[in-house]
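Working notes, structure below.
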Amino acid sequence: MSEYRYKAFISYSWADAKWAKWLLGAIETYRTPAALVGQEGRYGPVPARLRPLFKDREEQPASAGIGSALDEALASSEFLIVICSPRAAASKWVNHEIAWFKTHRDPSRILALIVDGEPGTALHPAPHGQDCFPKALTHIVNADLTVTHARADAPLAADARKVGDGKTNAKLKLVAAMLGVGLDELVNRDVRRRALRARLIASASLALAAVMAVLAWFAVQARNEAQQQRAAADGLVEFMLTDLREKLEPVGRLDALDVVGKRALTYYGEQPTGDLDADALGRRARALHLVGEVRDLRGDSEGALNAFKQAAATTQELLARDPRDGQRIFDHAQSVYWVGYVAYQRGESTIAEPAFRDYKRLAQQLVALDPGNDDWQMELSYAEGNLGTFLLGQKRYAEAERAFAAEVAIVDALAAKTPRDMDRQLAVAESMAPLALTRRMRDDPAGARAALERETAIYRKVLGADPKNATAKRGLLVAMASSGAVLLAQGDIAAALAANRAADDAVGELLVIDPSNSQWTEFRVRIRTALAEILLYVDDLAASRSATVSARYYLNTLTAKDRHNHVWNAMLPGRLGYIEAQQLRHERKYAEAAERLSASIRHAGEQAYAADSDADFTMGLMLLLQGELAQKRGNDADARAAWQQARQLTGDSGDVESRMLAVRYIALDRLDQPVAAGAIAAALDKRGYRHPLYTQARTPG
């Protein structure tokens, strides 16, 4: 379980928004082959899903600056996917995002997708000045995010152009990189929902297809032998669509599979649909699926969609003949799913949504027929998850939340049947992530808290059976720290304190296992800084100081390792310094507090780009405290200037995070604007926001 909120941040030029939308749908709806889920990849256990991804720039004007939402999302993303085109190469924002990621993350986590232009290399620029690679991608970047003239190694990129890999193969390259597995491991798996995994020996396939054609011809010409020849042809089609496809050693020839599907369709196309029995209709549907999947692999989404629509019509006919047959319902559900999947990739929501809803309806029918069938239950969970992903992309958060909650409930019930199956237990925890994300987007702290508590309980259950499970330990640590933040926002200081102390214990156990792990060390700094802040709210100054001293010690071990890491050398020192200034304020040492705060603001200001999801919030808090300290020393003009800066930092929109609205309220209140402050307070009260910093500001005196 990653500590990042997003699996990847999609960086792109505003002019390439359609490509970004396609990529978001293609990766978020991708389901990892079951045989790979849980295996050890380059980045730990292979996840079942690669979601959520962040993409939101199309709603901003092309000239807009990078806002706080993008700041937070970039810092909260595990990978950076750069959509490369001449427009992206010229975009200062795309270059800035790449530069930040190069200096704050492992550069190998930057993935490139070519959609237009020509890729240049470190030694040979692209012809005609149409280089699709942003300069920050191909050149060395300094610690201050400036791009040098020194060229770096040319990046490995997926090429979605028709002259390159094509859209589908390019998507698979990106997916393999994010999963930490080899590309062949994806291509060679037989997964119902995605690309074909079996590839046929070309000569055998083509020869058999020719034999089938001959048999079909004889079936038509020799009417006196029609029954015998038709049975032989049907048997051969069945063999080609099942055993041959599944069992022969794959050799990478999509054209052979295409021939198989088309020959089968030609054979059945010569016969009226009404004359085909159920078995023949089933083979026709499977042939259409084969054609659709091959076309999808080749990047022909229109051709794929047409094939899957025909398959759906065929499976619908089968279902109409036997509406209570579970296999017929399942087969039609697969056709409907593929229609929705390809339509979603193409951005055709008017086709995708009805298809996904029909897929869910059919899955519900399967469960109603046989509630004890785990496969049918999982089919319904897939349907809920796909519908939720679609709705989340449409920003229909309430509907998305219901779908994700239903998905969690199904997977959780299945895991309860096999409590010793650790993979199933961890799968439940993973399914909680989109639910918690959706609730955060709805500004529902109570709902987010409930989801996080459930996630935490699952990790504890896994650890109860397997105390050494490192995946569960990591997940528990992140879940507890996230819970602490949600609890504090709700005003439950005692519970927030307990959650952070538990997270601190968990990171301590990880540090015992690997004391040199910088990630665990950074977690300790963050958690103990959070503890120091919470302890101030309960007036335990001594314990708060102890926490900051410890955090400072661990932070020094990080900065000694790398003086160029902005998180370690700017963001974390800035946040920690703010807490230390608050401690001095509690002691009424206002001059010392102001001096310490100035150093913290300087640390934060050294960042050319926000290095943490809390960056804007932290700066807002520092400006509020700077104004208060100036006022206490009699500098009213300086105080108002600091508060005005804090007010401007929060922007003017009401559709922002509650914590930033709280900063706006405090700034307005101190600037003697009671009407505007009152409106903000009413909005925060309606949201149930009760962070102690906010509630203390509203308390007279």
Side-chain angles (χ1 to χ4, degrees), residues 1-2 4 6-12 19-55 77-84 101 105-106 108-115 155-161 164-199 250 252 254 293-299 301 304 337-338 341-342 344-346 382 385-386 389-390 392-393 427 430-431 433-434:
M1 180 67 64
S2 172
Y4 298 106
Y6 301 105
K7 194 65 182 177
F9 182 108
I10 301 177
S11 179
Y12 63 99
W19 278 103
K21 185 175 183 179
W22 165 78
L23 181 63
L24 180 83
I27 293 182
E28 285 200 334
T29 56
Y30 183 86
R31 194 159 64 225
T32 306
L36 292 179
V37 175
Q39 291 189 13
E40 195 66 23
R42 286 191 296 275
Y43 308 119
V46 175
R49 299 275 190 171
L50 291 171
R51 67 183 189 191
L53 275 64
F54 182 88
K55 175 200 71 71
S77 300
E78 183 177 354
F79 288 88
L80 177 69
I81 302 177
V82 183
I83 295 182
C84 299
F101 219 87
R105 296 278 191 275
D106 181 350
S108 67
R109 301 287 181 104
I110 301 177
L111 310 175
L113 176 68
I114 299 171
V115 301
L156 295 175
D159 191 344
R161 300 175 302 166
D165 301 313
K167 292 173 71 174
T168 300
N169 286 337
K171 175 195 72 176
L172 287 177
K173 282 188 176 181
L174 296 177
V175 166
M178 294 169 68
L179 291 175
V181 302
L183 179 60
D184 288 344
E185 293 183 81
L186 296 184
V187 176
N188 293 337
R189 299 283 178 177
D190 182 19
V191 179
R192 167 185 56 76
R193 294 181 45 198
R194 295 177 295 276
L196 299 172
R197 300 302 186 250
R199 297 167 295 177
L254 291 177
E293 291 175 25
V294 170
R295 289 175 178 174
D296 186 52
L297 271 179
R298 288 178 163 176
S301 63
Y337 161 76
W338 273 108
Y341 172 73
V342 176
Y344 182 51
Q345 284 189 308
R346 289 167 56 84
Y382 297 150
N386 282 310
T389 299
F390 170 82
L392 188 61
E430 186 176 86
S431 71

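Being a predicted model, the structure only gives us computed values, none of them experimental. Below, each value reflects all heavy atoms present in this structure, side chains not excepted, and no hydrogens, waters or symmetry copies.
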Q.
Test of understanding: with salt bridge (charged side-chain N to carboxylate O under 4.0 Å, His left out), list the residues that count as partners of Arg161, not counting sequence neighbours.
A. Glu118, Asp159
Q: State which residues pass salt bridge (charged side-chain N to carboxylate O under 4.0 Å, His left out) with Lys173; sequence neighbours excluded, sorted by chain then number.
A: Asp165
(Q) I'd like to check the side chain to side chain contact (heavy atoms under 4.5 Å, CB included) partners of Thr389; sequence neighbours left out, ordered by chain and number. (A) Glu28, Thr29, Arg51, Tyr344, Phe404
Q. Which residues satisfy the side chain to side chain contact (heavy atoms under 4.5 Å, CB included) test with Val175, sequence neighbours excluded?
A. Ile27, Tyr30, Leu50, Lys171, Leu179, Leu186
Q: Find out whether Glu40 and Pro45 are in side-chain contact, i.e. whether some heavy atom of one side chain is under 4.5 Å from a heavy atom of the other.
A: yes
Q | Side chains of Leu23 and Leu174 in contact at under 4.5 Å (non-hydrogen atoms) | A | yes
**Q.** Over-ring placement of Arg105 relative to Tyr4, 6.0 Å and 45° cut-offs
**A.** no
How close do [X] and [Y] get, heavy atom to heavy atom, and via which atoms?
| X | Y | result |
| --- | --- | --- |
| Phe9 | Ser77 | CB-OG, 3.4 Å |
| Leu80 | Ser11 | CD1-CB, 3.8 Å |
| Ile10 | Leu53 | CD1-CD2, 3.9 Å |
| Ala176 | Leu183 | CB-CA, 3.9 Å |
| Cys84 | Ala112 | SG-CB, 3.8 Å |

How many angstroms lie between atom [atom1] of [X] and atom [atom2] of [Y], to the nearest 0.5 angstrom?
| X | Y | atom1 | atom2 | result |
| --- | --- | --- | --- | --- |
| Ile114 | Trp19 | CD1 | CH2 | 11.0 Å |
| Tyr12 | Leu113 | OH | CG | 13.5 Å |
| Tyr43 | Glu78 | OH | CD | 8.0 Å |

